[in-house]
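What follows is a short report on a single structure.
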Protein chains: 2
Amino acid sequence: MAKIKAAINGTKKDAILKKAASLFRAKGFKASSMRELALKIGIEAPSLYNHIGGKSELLQEICFKVAGDFNNQLAELEASPDSVVSQLEQLIRFHIAMMMESFDEVYVSNHEWKYLEEPMLTDFLQQRKQYETRMVQLLNKGISNKELKNVHPQVAVLTILSAVRGLEFWQRYKKEIDADVLASNMVNHLLTGLRK
Amino acid sequence: MAKIKAAINGTKKDAILKKAASLFRAKGFKASSMRELALKIGIEAPSLYNHIGGKSELLQEICFKVAGDFNNQLAELEASPDSVVSQLEQLIRFHIAMMMESFDEVYVSNHEWKYLEEPMLTDFLQQRKQYETRMVQLLNKGISNKELKNVHPQVAVLTILSAVRGLEFWQRYKKEIDADVLASNMVNHLLTGLRK
DNA sequence: CCTACCGATCGGTAGG
DNA sequence: CCTACCGATCGGTAGG
């Protein structure tokens, strides 16, 4: 009984989170009102508070879910026996897949995190920083074992992360450019410039 | 007399625009209040309206100034006799310089344009689209004359623009990474993957 | 899940 | 450039 209720609440809250991600992406966190979110769901604004703690909780859950997904994927790759170049390619392709499958959530995580409240804001930024650090270590490994050119690893990580982040503009090109073509081109562009 | 007054108003308005760009970048357009902007300048909020038309006018002027600067630079490059690779390098370096010199303004133009009101919003997006189109034409020229590999020009433009846009994160690394090192590394990363 | 409502804050104006 | 102020909208609560 409690289980069923939890499941029902879960799906309802998930539905709210989904709509919130869509709204926050389209209008920005601060410009999105709880009334508008409620309207999209088909209830009155005060009824939202039966399922969620508040507006800022919605942002938190979106941002930390995305951060967790990326952290988990990177951890999985780090444990794999693949070459550094292969790991980099897989990571880039994962970013592409995330952008395709969870566009709203990734976009919100990338653009609206600054409205997180402390101490979550600090936590989130630390997770980001650590993700970058681990990527730098991956590149350093590739430089050591001669897979990669002797590039500046921090700059290369920044370039890669910035480029994949730009995938958010792909929405506009969805009909014109095939996703696989896009992915292969970007992977080649980013890696052929690094590969020895 | 009118000239002097205009000059005085000009500098005062410019000072407001500068502070507005800084505030909008740090907090976002919607989360920035005119009261806070006034506080930063040292006057009361209603006094702002002696120098500016309103909050949305501030955003407009920031966004269109930046867009105009980029358009002008691209036009200048298009008229030059340099090779495509050289033009691309100069364009990338211009993006880097803009990010260094007008960080707040470029950041706001990249992140807050969605709060522009019509018809300026449409105008702004058209200018962006046209900028991309002209870059695609530049790459096509380079592909035709065998300077560049046979890449997908739209994807390559997207990758380049996304990467240079990521320069906004450089603020964090300013002390660790020299600007010239950064610029050279990114140019190499982006071009060596393209160059035949 | 709803109606009724509250205190806070917003962009901007009136009038001097 | 200021004081005084307004109508609109916000996130959220009370009470059922």
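Any value given below was found using the heavy atoms of this structure, including those in side chains, with hydrogens, waters and symmetry copies removed. Every chain is numbered from 1 and lettered A, B, ... according to where its sequence line falls, protein lines coming before strand lines.
- Here B:Lys12 reaches the OP1 or OP2 of D:dC1: one of its side-chain N or O atoms lies under 4.0 Å away.
- The CZ atom of A:Arg35 sits 14 Å away from the P atom of C:dA4 (whole-angstrom rounding).
- Between B:Asn50 atom CG and D:dT3 atom P there is a gap of 14 Å when expressed in whole angstrom units.
- Annotation for A:Leu139 and A:Pro153: closest pair CD2-O, 4.0 Å, computed over non-hydrogen atoms.
- Whole-Å rounding puts the B:Leu58 CG to C:dG11 P distance at 11 Å.
- At a threshold of 4.0 angstrom between heavy atoms, the contacts of A:Ser56 with the nucleic acid are absent.
- Rounded to an integer number of Å, the gap from CD1 of A:Ile52 to P of D:dT13 is 11 Å.
- Residue B:Ile43 contributes atom CD1, which lies 12 Å from atom P of D:dT3 at whole-angstrom precision.
- Remark: C1' of C:dG12 and OH of B:Tyr49 are 5 Å apart, rounded to the nearest angstrom.
- Distance B:Leu59 CG to C:dG11 P: 13 Å, rounded to the nearest Å.
- Atom pair A:Leu48:CG and C:dC2:C1' shows a separation of 12 Å (rounding to whole Å applied).
- The aromatic rings of B:Phe94 and B:Phe70 sit perpendicular to each other, their planes meeting at more than 60°, with 30° as the lower class boundary.
- Checked against C:dG11, C:dT13, D:dG11, the side chain of B:Pro46 finds its nearest nucleotide in C:dT13.
- When all heavy atoms of B:Met34 and B:Ala45 are compared, the closest pair comes out as O-CB, 4.2 Å.
- Of the candidates C:dG11, D:dC1, D:dG12, C:dG11 carries the atom nearest the B:Met34 side chain, counting heavy atoms from C-beta on.
- By the neighbour-count criterion of 12 heavy atoms within 6.0 Å, atom NZ of A:Lys30 is sparsely surrounded, having that number or fewer from other residues, nucleotides or ligands.
- Looking at A:Leu58 and A:Phe24, their side chains come closer than 4.5 Å, going by heavy atoms from C-beta outward.
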Begin from the C-alpha positions of B:Asn110 and B:Arg128 and carry the test side-chain hydrogen bond (donor to acceptor under 3.5 Å, both in side chains) through to its verdict.
-> CA-CA 10 Å; B:Asn110 280 339; B:Arg128 285 228 160 179; 2.7 Å; yes

Secondary structure of DNA chain D in dot-bracket form (Watson-Crick or G-U wobble, distances below 3.5 Å, | marking inter-strand pairs) | ||||||||||||||||

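- Relative ring orientation between A:Tyr115 and A:Phe29 is described as parallel, the plane-to-plane angle staying below 30° on a 0-90° scale split at 30° and 60°.
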